[in-house]
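All values below were derived from every heavy atom in this structure, side-chain atoms included, with hydrogens, water molecules and symmetry-related copies excluded. Fair warning: this is a prediction, and the values are worked out from it, not measured in the lab. Just so we're on the same page: letters track the sequence lines, and every chain starts at 1.
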Amino acid sequence: MTDVLQAPGLDRVAIELVVNGVPRRLVVEPRETLAEVLRDRLDLRGAKVSCDAQVCGACTVLVDALPVSGCTFLAVDADGRRVGTVEGLATDGELSPLQQAFIDQAAFQCGFCTPGMLMAATALLEEQPHPSRDDVVHGLEGNICRCTGYEPIIAAVLQAAGGDMPSSRREEVPAVTSAEAGGDPLDPGTEPVESQQ
Amino acid sequence: MIPRFRLARPATLDEAFAAFEAANGDAAYVAGGTELLQVMKMGFAQFDTLVDLKGIPELHGIEGDGGGLRIGATTTHREIERSPAVADAFPALVGLVRSVANTRVRSTGTLGGNLAFAEPHSDPATLLLASDAVLELAGPAGRRETTVSEFVVGPLSTTREPDEVLVRVRIPAAKPGEGRAYAKLAFFERPAASVAVRVTVDGGVVRSATVAVGSLTEVPELVPDAAAALVGADAGDGALNEAIAGGIATLGSLDAVEDLNGSADYKRHLAGVLFASTARAAIAEAVGHD
């Protein structure tokens, strides 16, 4: 998209993005970050803004399947692209294998980093369906967790990739469905949102 | 929040210059935004207009160039990491971009943005300095070429004019018998110390060497004394240990900067450790090409 350049630059930009498979049309200020738009306009609050400096990974979302820091990625740069958030991982109330693996492996405690971890790992597994342990560590080393010590997270990603999970452990842990876990109260539904500021 | 700004999205360099001028110079160019948006968010910079360079085709992409490389300024670290042309021509650069910051920054951050921001702890600047890379700039006044050492003049400071755009980086082809290596140690997102070594080996002897250090000094620096210590060393026996020890000794006089990573002495020590491993890696690659 090319804008007229003789005049001052735009102070409002109409963008179209596909968020978790749902087309969205919004008018945003250029300064609005993707995290702000997702959380404050679209009510998708899975991505957390924590360090606000691209270091902690709590705001990790996917743009065209690549992980980005929502805190420092302009919403206008998501124009015409696919955005993935943690709210889009479950399908029809069924957790993704990665989400289920996080439960099986007790890969979260406070849960604050978990949406970012899940999205970073989702991107990793999309590119490398069968990562080595080193691949997982490399892919997630920009996502900080203060609770788990990381080992359960690595185990969960390897489990989701198929294997590396002791079968005895899996049987110990009862499966939790997303319905039992409270479903997704933040799912904004499928209505396209038109927003003007 | 990021301070309010207007956005221009030019499709050509001329449009970019026009947009910059339309803001009466109160503008900045932006690509991945991983540096600029961060400093704006922290209140260190504010502009009437940001001119987004990502829509300008000329600035993007990687081409082989007779054994060398031409890398457009808005090419991301991730794109460089996955480029077959870079893997073929410059494996050390692949290893470098693979370890820049984190996967999110590599998805969006660009080579040109990294160089133009001139953070003293830049990974690419150090290796590109040792590799005799040429930086191509374009501005309303015309085009010019420069080198990393002429370009980076201080922390966050370059010789780029505010209305100039970094267009691409040209990396010369490796010479016969040449090896290049880069290594860093990082406790945080950016390196505490980094070293790049380039050597040529002929007949089993190191014939030429270039050594650059980064992150421990205010700007990436060539260290001719460390390079000289390697020249003439036999690449295959104990004499190399002596040469490397000699090189490490010369790093003791570097004007290192104390920071969160450690004291100046500690960072000089890190540079020595990295120099040893990097010199060995570069020489091993060169021997393979000898």
Side-chain angles (χ1 to χ4, degrees), chain A residues 1-13 15 28-36 40 49 51-79 116 119-121 123-124 127 135 137-144, chain B residues 1-12 14-24 26-28 30-42 46-52 54-56 76 78-79 81-82 98-109 186 188-190:
Chain A
M1 184 186 297
T2 306
D3 302 310
V4 178
L5 292 155
Q6 305 315 315
L10 305 168
D11 55 12
R12 291 282 189 285
V13 183
I15 60 172
V28 299
E29 283 189 77
R31 66 157 165 177
E32 286 182 77
T33 66
L34 186 53
E36 288 165 349
D40 302 338
V49 176
C51 75
D52 210 7
Q54 309 163 79
V55 171
C56 75
C59 67
T60 304
V61 295
L62 307 186
V63 175
D64 284 348
L66 296 187
V68 305
S69 294
C71 73
T72 315
F73 188 94
L74 296 179
V76 293
D77 283 337
D79 188 18
M119 298 320 290
L124 172 72
E127 187 171 25
D135 293 333
V137 171
H138 180 70
L140 297 184
E141 66 190 357
N143 288 70
I144 293 172
Chain B
M1 283 194 107
I2 298 170
R4 192 164 275 132
F5 61 87
R6 299 177 214 269
L7 180 70
R9 291 195 277 188
T12 66
D14 284 341
E15 288 181 357
F17 304 145
F20 196 100
E21 199 180 336
N24 297 314
D26 187 7
V30 66
T34 56
E35 308 278 21
L36 184 68
L37 298 178
Q38 195 65 51
V39 297
M40 290 175 70
K41 193 170 14 180
M42 294 167 80
Q46 188 167 357
F47 301 96
D48 175 84
T49 299
L50 292 191
V51 181
D52 178 12
K54 292 191 294 296
I56 303 177
T76 63
R78 181 190 166 88
E79 289 165 337
E81 180 187 346
R82 284 160 176 75
R98 185 176 150 77
S99 69
V100 166
N102 58 54
T103 180
R104 303 177 304 280
V105 168
R106 293 192 291 271
S107 294
T108 50
F188 307 109
E189 293 291 298
R190 302 176 190 276

Does any backbone or side-chain atom of A/Val76 lie under 4.5 Å from a heavy atom of chain B? Answer side chain, backbone, both or neither.
both
B/Met40 portion near chain A, given a 4.5 angstrom heavy-atom threshold
neither
What part of B/Thr103 is in contact with chain A, defined as an atom under 4.5 angstrom from a non-hydrogen atom: side chain, backbone, both or neither?
both
Could you measure the distance from the CZ atom of B/Arg4 to the CG atom of B/Asp48? Nearest 0.5 Å is fine.
12.0 Å
Find the distance between CG (A/Leu66) and OG1 (B/Thr108) and round it off to the nearest 0.5 Å.
9.5 Å
Counting only heavy atoms not in B/Met1 (residues, nucleotides, ligands), do more than 12 fall under 6.0 Å from its CE?
yes
Pair count under 4.5 Å, heavy atoms only, with chain B: among A/Glu141, A/Arg31, A/Gln54, highest is A/Arg31
Measure the NZ-OG1 distance between B/Lys41 and A/Thr33 for me, rounded to the nearest 0.5 Å.
6.5 Å
Can you tell me if B/Glu189 has over 12 outside heavy atoms packed within less than 6.0 Å of its CD?
yes
Counting heavy-atom pairs closer than 4.5 Å to chain B, which one of A/Gly142, A/Cys71, A/Pro30, A/Ala123 comes out on top?
A/Pro30
Pick one of side chain, backbone, both or neither for B/Arg82, based on which atoms fall under 4.5 Å of a heavy atom in chain A.
side chain
Selection from A/Asp52, A/Thr60, A/Asp11 maximising heavy-atom pairs under 4.5 Å formed with chain B
A/Asp52
Just one of A/Leu74, A/Val63, A/Val28, A/Asp77 clears the side chain to side chain contact (heavy atoms under 4.5 Å, CB included) bar with A/Leu34, so which one?
A/Val63
Report the option among B/Val51, B/Val105, B/Leu37, B/Asn24 that has the most heavy-atom pairs separated by less than 4.5 Å from atoms of chain A.
B/Leu37
If you tally heavy-atom pairs under 4.5 Å between each of A/Pro67, A/Ala53, A/Gly57 and chain B, the highest tally belongs to A/Pro67
Distance-minimising heavy-atom pair for B/Ile56 and B/Ala16:
CD1-CB, 4.0 Å
In Å, rounded to the nearest 0.5 Å, how long is the span from CG of B/Leu7 to OG1 of B/Thr49?
8.5 Å
What part of B/Arg98 gets within 4.5 angstrom of chain A, counting heavy atoms only: side chain, backbone, both, or neither?
both
Checking heavy atoms, do the side chain of B/Asp52, its backbone, both or neither come under 4.5 Å from chain A?
side chain
